[in-house]
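Notes follow the structure.
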Amino acid sequence: MSIKPARTRVAPSPTGHMHLATARVALYDYLLARKTGGQYILRIEDTDLKRTVPGAEQEIFDGLRWLGLQYDEGPDIGGKYGPYRQTERREIYQHYAKVLIDNGSAYPCFCAPDHLEKTRQEQMKRKENPHYDGTCRALAPDEAARRVANGEKYTVRYKMPRDGVTIAHDHLRGDIVTENKQLNDYVLLKSDGLPTYHLASVVDDHEMEITHVLRGSEWLGTFPLHVNIVRAFGWEEPTWVHLSVFLKPSGKGKLSKRDTTIAMTDGYSVFIKDMNDLGFTPEGINNWIALMGWGVAEDDIITTDQMIERFSIDSLTASPAAINFQKLDHFNATHIRLMTTGDLAARLKPYYAREGLDVDDDVLLKIIPLIRERLVTLDDCISFGGFFFKENVTPAPEELIAKGLDAKQSAEIARKSYEILSALDNINHATAEPPMRAYVESSGLNINQIFGIVRVAVTGQKVSPPLFESMEVIGREKCLQRMRNAVEILEKI
RNA sequence: GCCCCCAUCGUCUAGAGGCCCAGGACGCAACCCUUUCAAGGUUAAGACCGGAGUUCGAAUCUCCGUGGGGGCACCA
């Protein structure tokens, strides 16, 4: 691993919701920059005006911050290599497009879109690879210059060598050799004056002194083009790292929006903006995505700081990875257990608020030890601890009836339990458990039957944190009142 | 169709010629603990895609198949 400070960038397009894959690139960029003492920057690639979605950019800012991946330079915080929005760098690309035309690496193309489309159709009919037919490539430079000066609409195309090969070096895959005839005269500058990705990213990475380009492997197809452009400028190449793609949980095919809809109904999402609502933590998400495509070898539970310590682009993997939401659950739950009580309390409050529950801080602090190890997602605090903050609970009558018993018998148990508990000055684990256990012994019934009734009566639910600890937090008066209520319900059946 | 990339338990991965009859994690199963649910502990099942080479020796190198993925736009 080089000790030279790395400058990395995450360069999403504001064309939709921020995706898991973007988050992972950002994470790796962040880790590499921190590891080497370099910088990690955010660049917005908004050159496709038609696809730009309002609000998408803000979602990227928010998502990155939520994940704790604060960039050192970016559109909303500035930096000395700005601007960091490509639409604000138009002149820079136009300048460099001209440089390429002047040095014979590119040429203006005046072909109309419908002409292009027609030739493409014909080529496909002939089962040829669709590619630009080269009409304008054959134009004499001064002729082309004249037409440009005349104000004709044009694009700028890269003049791909017709023969020979391009050898592009990827850090994970080694040399990738491509025959130039497989490559196309790609458009670098569109007729609206904005660059395509190919020109923009190469120019910006150079101008912003990016040392390592981490991106998805969907760029492998145009990778040779990018390398050609860099070389046509005579620039030094960054280290290229093409990451694996994320596959659907089934492993069949890349993640798509459709999968997202399905996933959402299951309580999962591939969009960062949804994660907080679903109760996932940045720690859990980071841990999860970090390990898809990176073999850390040691502990699977790892904090961002530990990641920085261990990160190396050498141990990234090249094969596609199927996402696995069960693992997300595991990482999320584990990181929740790792949090301090105070931290967890602060994170839980919004979820209670969302349910309209008024949370008393002292109570919250007291219940955290009771619910912490039961939480998979933060919003589980409602199902495991919502009743602590409610004035009354409304147990389902059928749940108050113990297994193997009828309503009458259950009512009797509830009444007797009430008597035992009401005889106590104070209800807590130490005072309540012994007499209740004694009652179980003398009754000849199963402990689950008796404790189960009390549990449902007091918490309103069949599954809850430990009973007596919970009762202690709820308080004597409320417990007794809830027991009386249960007796009533049972007697009415 | 063409081009490129990838290929170890169901999933994520360790493994850079002998340390591997392949290790870890998730999940799954069993048991222990246990007032429910968890958590925790112990154990089990579970993989080197196939075929040729190279080598004394291959999960690791080469080639060919096969499978999977990505790309072939004035989208990124």
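All chains are named by letter (A, B, ...) in the order of the sequence lines, taking the proteins before the strands, and each is independently numbered beginning at 1.
The pairing partner recorded for B:G27 is none, the criterion being a Watson-Crick or G-U wobble arrangement whose two distances lie under 3.5 angstrom. Remark: B:G1 base-pairs with B:C72; criterion is Watson-Crick or G-U wobble with both hydrogen-bond distances under 3.5 Å. Using the Watson-Crick or G-U wobble rule with both distances under 3.5 Å, B:U34 pairs with nothing in any strand shown. When Watson-Crick and G-U wobble pairs are counted only if both distances are under 3.5 Å, B:G46 pairs with no nucleotide at all. Using the Watson-Crick or G-U wobble rule with both distances under 3.5 Å, B:A7 pairs with B:U66. Remark: B:G53 base-pairs with B:C61; criterion is Watson-Crick or G-U wobble with both hydrogen-bond distances under 3.5 Å.
In this structure, of B:U11, B:U13, B:C5, it is B:C5 that holds the atom nearest to the side chain of A:Ile176. Picking from B:A39, B:C5, B:C74 the nucleotide with the shortest atom distance to the side chain of A:Leu220 gives B:C5. Closest to the A:Lys190 side chain, of the nucleotides B:C74, B:G69, B:C12, is B:C74. Comparing B:C75, B:C12, B:A14 by their nearest atom to the side chain of A:Thr317 picks out B:A14. With distances taken from any side-chain atom of A:Ala322 to the nucleotides B:A76, B:G69, B:C12, the minimum falls on B:C12. Relative to the side chain of A:Lys327, the nucleotides B:U11, B:U35, B:G69 differ in distance, and B:U11 lies closest. Candidate nucleotides B:C6, B:U35, B:C74 were compared by shortest atom distance to the side chain of A:Arg157, and B:C74 ranks first. Side chain of A:Lys252, nearest nucleotide from B:A76, B:G68, B:C12: B:G68. When distances are taken from the side chain of A:Gln182 to each of B:G69, B:C3, B:G1, the shortest belongs to B:C3. Side chain of A:His198, nearest nucleotide from B:A76, B:U11, B:U36: B:A76.
Between A:Met292 and A:Leu20 the shortest side-chain heavy-atom distance does not fall below 4.5 Å. Contact annotation: the side chain of A:Val213 never approaches that of A:Trp219 to less than 4.5 Å [non-hydrogen atoms, C-beta and beyond].
Taking atom NZ of residue A:Lys248 and atom P of nucleotide B:G68, one finds them 14 Å apart after rounding to whole Å. Between the CG atom of A:Leu247 and the C1' atom of B:U13 there is a distance of 15 Å, rounded to whole Å. For A:Tyr158 and B:A73, the OH to P distance is 19 Å, given to the nearest whole Å. Rounded to an integer number of Å, the gap from A:Leu375 CG to B:C37 P is 17 Å. One can place CG of A:Asn324 at 19 Å from P of B:G24, the figure rounded to the nearest angstrom. The separation between A:Trp240 atom CH2 and B:C5 atom P is 17 Å, rounded to whole Å. Distance A:Leu255 CG to B:G69 P: 13 Å, rounded to the nearest Å. When rounded to the nearest whole Å, the span between CZ of A:Phe223 and P of B:C72 equals 16 Å.
Checking the phosphate oxygens (OP1, OP2) of B:A76, a side-chain nitrogen or oxygen of A:Thr47 falls inside 4.0 Å. Within the structure, a side-chain polar atom (N or O) of A:Arg437 is placed less than 4.0 Å from OP1 or OP2 of B:U35. Note on A:Arg337: a side-chain N or O is less than 4.0 Å away from OP1 or OP2 of B:G40.
Close placement of the A:Phe468 and A:Phe451 rings is indicated, their centers lying within 6.0 Å of each other.
B:G18 and B:U13: their P atoms are spaced 23 Å apart (whole Å). Separation of the P atoms belonging to B:G68 and B:C49 is 15 Å when rounded to the nearest angstrom. Rounded to the nearest Å, the gap between the P atom of B:C9 and that of B:G50 is 10 Å. Annotation: B:G70 and B:C12 have their P atoms spaced 14 Å apart (nearest Å). B:A47 and B:U35 have their P atoms separated by 39 Å, with the value rounded to a whole Å. One C1' atom belongs to B:C4, the other to B:U42, and the distance between them is 48 Å to the nearest Å. Comparing the P positions of B:A59 and B:U36 gives an interatomic distance of 49 Å, to the nearest angstrom. Comparing B:U60 with B:G53, their C1' atoms sit 15 Å apart, to the nearest whole Å.
Cation-pi geometry between A:Arg147 and A:Phe110 is satisfied (NZ or CZ under 6.0 Å from the ring centre, within 45° of the ring normal). In this structure, A:Arg157 satisfies the cation-pi test against A:Tyr132, with its NZ or CZ atom closer than 6.0 Å to the six-membered ring centre and inside 45 degrees of the ring normal.
The CD1 atom of A:Ile210 sits 9.0 Å away from atom CG of A:Asp204, with the distance rounded to the nearest 0.5 Å. Residue A:Met483 holds its CE atom at 11.0 Å from CZ of A:Arg415, rounded to the nearest 0.5 Å.
Among the heavy atoms of the strands, none lies under 4.0 Å from A:Pro12. Using a 4.0 Å heavy-atom cutoff across all strands shown, A:Pro249 reaches no nucleic acid atom at all. When heavy atoms are screened at a 4.0 angstrom cut-off, A:Pro320 is found touching the sugar-phosphate backbone but no base atom. In this structure, A:Arg120 reaches the sugar-phosphate backbone alone: every heavy-atom distance under 4.0 Å involves primed, P, OP1 or OP2 atoms, never a base. Base contact: A:Trp219 has a heavy atom under 4.0 Å from a base atom. In this structure, A:Ile447 reaches the sugar-phosphate backbone alone: every heavy-atom distance under 4.0 Å involves primed, P, OP1 or OP2 atoms, never a base. Looking at heavy-atom distances under 4.0 Å, A:Arg173 makes contact with sugar-phosphate atoms alone, never a base. A:Ser244 comes within 4.0 angstrom of nothing in the nucleic acid, heavy atoms only. Counting any heavy atom pair closer than 4.0 Å across all strands shown, A:Thr155 reaches a base atom. Base engagement by A:Glu469 is indicated by at least one non-hydrogen atom pair under 4.0 Å involving a base atom. Across all strands, A:Leu183 comes closer than 4.0 Å to no nucleic acid atom at all (heavy-atom distances). Backbone-only contact: A:Gly293 has heavy atoms under 4.0 Å from sugar-phosphate atoms and none from a base.
Each of A:His330 and A:Ser250 lies near RNA chain B, and the nucleotide nearest A:Ser250 is the one positioned closer to the 5' end. Nucleotides of RNA chain B nearest to A:Ser217 and A:Ser319 differ in position, and the one nearer the 5' end is that of A:Ser319.
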Legend entry - Residue pair A:Tyr186, A:His226: steps toward the ring-ring contact (aromatic ring centres under 6.0 Å, His included) verdict: CA-CA 10 Å; A:Tyr186 298 92; A:His226 304 147; 8.2 Å; no

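Remark: the A:Ser191 side chain and the B:C74 base include a donor-acceptor N/O pair separated by less than 3.5 Å.
Counting only N and O atoms by type, the side chains of A:Tyr71 and A:Asp29 include no donor and acceptor under 3.5 Å apart.
Between A:Asp380 and A:Arg374 there is no salt bridge, since none of the side-chain N atoms of the basic residue sits less than 4.0 Å from a carboxylate O of the acidic one.
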